[in-house]
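What follows is a single structure, written as structure tokens, with notes after it.
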Number of protein chains: 2
Amino acid sequence: MGINDLMEDFKAVDTSSLVDKVEAKLVHLLQQQKLSVGDPIPKEVELADTLGVSRTVIREALLRLRVMGLIESRKKKGAVITSPDIFGIIGKSMNPHILDQETLKGMFELRLVLEIGMADFIFQRITPEDLEELKQIVNNEPDSTQDHLFNIEHEIAFHGKLYEITGNETLKKFQKMLLPVFDYVHHSGLLKKPVNKKRFVSHKGLVDIIENGSPEMFRNAMRNHLENHFARLFD
Amino acid sequence: MGINDLMEDFKAVDTSSLVDKVEAKLVHLLQQQKLSVGDPIPKEVELADTLGVSRTVIREALLRLRVMGLIESRKKKGAVITSPDIFGIIGKSMNPHILDQETLKGMFELRLVLEIGMADFIFQRITPEDLEELKQIVNNEPDSTQDHLFNIEHEIAFHGKLYEITGNETLKKFQKMLLPVFDYVHHSGLLKKPVNKKRFVSHKGLVDIIENGSPEMFRNAMRNHLENHFARLFD
DNA sequence: TGAGGTATTATGTATGACATAATAAAAGTA
DNA sequence: TACTTTTATTATGTCATACATAATACCTCA
């Protein structure tokens, strides 16, 4: 056993707390798949007894799982396994005021990536009703001559509908989470370059493409539509 | 005060637990922005004293913040505010075995959206070194004639590098998180349609486009490159 | 002055008790 | 018998206290 192995061993000293270990064990237990959604897990006292630790530790470990959305606990009924709503959970820790600038900028960019990349799903899954609704939304928008006053409400209505059309709940939740962050970055002085309200491809233009065009055309049009945002990121 | 208002009041009965309230108060405190990263927050006993609840409750509330990545606690030093690594946190609750099918499928699709949508960032931020590295990766790949044996390692190396080039850490972390899920969905029987290993635009083709083409060309090429995956989703 | 030991402090863990809410069991009534 | 109400049970939620542990600050002594 060479010195390097020894060092490896040293590195392996268990610095984790008791709760850490218990948490790991519990997560491992859930992964065994012996348990599926809705199944109850052992009571706190049982667990404490079995694992030989205090109920305090068990409670902390369970609490972590609960915050992560892996379990839900009800009085008397004990804790049951749940399918975590990931984005619901993230949403809570998604406070723009707390995130660092790098992450915030990343989120801003992420939206642009998503809206350009989702073209195929829109074309594949859009229904006639969706298309009709899109047209409605566009018709309710103010005149394009005064687009410098564009309404954030209409922006959300239109782009939100696009996410909805993709039929991807995860994507939609992601957008919902991203929205406040995007807005925050947009208005805080985080991006150096000024806002240029020049409008390129309009919402109406996008709808026309959805109706008569192809995913390829849509991607390019959306890229153009978002030019104002890209311009603030690139030179 | 009409009956409806009364009902409103009834609806407003506070069903939240003590810990919930304390958590809300603490989060609110952090949002005051009076506190920035690295700043310590009051000790557990102080908080318990100030808010008039037991230390247990305080600890549970703090634990939630900790799991959400908003604070870190050190012995003796107390708890300090941290900039949360959102995706690190999500990663923990991102166990494919626990997520429900709908979410899993959503994640699978999300990857496709991302890789098509990130073209502009690749072109904007790629360096000569990046390009060189991409070529290296492609050169190390097995012959395209035996592409039915394509190696998952090379897939990850190539596509991972693309994420890296975007210069968006958030995006990269997101990919890291998505990877196991994508792989899981790919191999579990979740997608009905069989895997068709037919190769369309190759990695080499993509590199060529990055070198000589445009974001627009890249998006189309990537869409084509991912055709195998899309084919399993669409009719 | 600086190294090393000691005291202090705040979190981590353990224990025991009681409160509370949800359920199950039992009792009572039509 | 069926159905409602009351009572018991059970498991989590909250409280209080004590001690362990690790990190820091302080203090002593060479």
Side-chain angles (χ1 to χ4, degrees), chain A residues 10-27 29-30 35 37-82 84 89 92, chain B residues 10-27 29-30 35 37-82 84 89 92:
Chain A
F10 270 120
K11 238 181 70 180
V13 276
D14 201 357
T15 175
S16 64
S17 75
L18 245 184
V19 179
D20 290 330
K21 297 185 192 105
V22 172
E23 179 197 357
K25 277 205 176 188
L26 290 178
V27 169
L29 187 71
L30 301 201
L35 304 173
V37 173
D39 288 352
I41 65 178
K43 318 305 172 194
E44 292 179 358
V45 275
E46 289 178 37
L47 287 171
D49 220 46
T50 315
L51 300 181
V53 295
S54 76
R55 192 181 150 216
T56 309
V57 171
I58 297 291
R59 274 187 67 78
E60 276 216 24
L62 287 179
L63 178 52
R64 291 191 190 176
L65 301 193
R66 206 156 59 225
V67 174
M68 293 193 294
L70 296 184
I71 63 172
E72 263 177 22
S73 25
R74 289 270 149 80
K75 288 195 179 186
K76 163 84 177 184
K77 201 63 193 244
V80 298
I81 301 193
T82 63
I89 299 157
K92 297 188 76 172
Chain B
F10 268 120
K11 237 182 72 180
V13 275
D14 202 354
T15 173
S16 64
S17 77
L18 245 184
V19 179
D20 289 331
K21 295 185 195 108
V22 172
E23 181 197 355
K25 277 204 175 185
L26 291 178
V27 169
L29 187 71
L30 301 202
L35 303 173
V37 173
D39 288 352
I41 65 178
K43 317 307 172 193
E44 293 178 357
V45 276
E46 290 178 35
L47 287 171
D49 219 47
T50 314
L51 300 181
V53 296
S54 78
R55 194 180 148 216
T56 308
V57 171
I58 297 292
R59 275 187 66 77
E60 279 215 19
L62 287 179
L63 176 55
R64 292 189 187 177
L65 302 193
R66 207 155 60 226
V67 174
M68 294 193 295
L70 297 183
I71 64 172
E72 264 177 22
S73 21
R74 289 267 151 79
K75 288 195 177 186
K76 164 82 179 182
K77 202 61 194 242
V80 299
I81 301 195
T82 63
I89 299 157
K92 295 187 78 173

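Proteins come first, then strands; the chains are lettered A, B, ... in the order of their sequence lines, and each starts at number 1.
- Closest approach of Ala61(B) to Val22(B), counting heavy atoms only: CB-CG1, 3.6 Å.
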Which pairs of donor and acceptor atoms, one on a side chain in residues 45-54 of chain B, lie under 3.5 Å apart (sequence neighbours left out)?
from: Thr50(B); atom 1: OG1; to: Glu46(B); atom 2: O; distance (Å): 2.7
from: Ser54(B); atom 1: OG; to: Thr56(B); atom 2: N; distance (Å): 3.3
from: Ser54(B); atom 1: OG; to: Val57(B); atom 2: N; distance (Å): 3.4

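- Glu72(B) has its CD atom 12 Å from the P atom of dG12(C), to the nearest Å.
- Between the C1' atom of dG12(C) and the CD1 atom of Ile58(A) lies a distance of 15 Å, rounded to the nearest Å.
- Remark: Glu44(B) engages Arg55(B), Arg59(B) in a side-chain hydrogen bond (donor to acceptor under 3.5 Å, both in side chains) (not counting sequence neighbours).
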Could you go through residues 69-80 of chain B and list every donor-acceptor pair under 3.5 Å that involves a side-chain atom there, pairing it with any protein atom two or more places apart or in another chain?
from: Ser73(B); atom 1: OG; to: Arg66(B); atom 2: NE; distance (Å): 3.4
from: Ser73(B); atom 1: OG; to: Arg66(B); atom 2: NH1; distance (Å): 2.6

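- Rounded to an integer number of Å, the gap from Leu51(A) CG to dA14(C) C1' is 15 Å.
- The base of dA16(D) does not come close enough to the side chain of Ser54(B) for any donor and acceptor atom to sit less than 3.5 Å apart.
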Expected rows: protein N/O vs nucleotides 7-13 of chain D N/O, under 3.5 Å:
from: dT10(D); atom 1: O4'; to: Lys76(A); atom 2: NZ; distance (Å): 3.1
from: dA11(D); atom 1: O4'; to: Lys76(A); atom 2: O; distance (Å): 3.4
from: dT12(D); atom 1: OP2; to: Glu44(A); atom 2: N; distance (Å): 3.1
from: dG13(D); atom 1: OP2; to: Arg59(A); atom 2: NH1; distance (Å): 3.0
from: dG13(D); atom 1: OP2; to: Arg59(A); atom 2: NH2; distance (Å): 3.3
from: dG13(D); atom 1: N7; to: Arg55(A); atom 2: NH2; distance (Å): 3.0

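- Inter-residue side-chain proximity for Ile41(A) and Leu65(A) is flagged as unmet; no heavy-atom pair is nearer than 4.5 Å.
- Between Lys43(A) and Ile58(A) the shortest side-chain heavy-atom distance does not fall below 4.5 Å.
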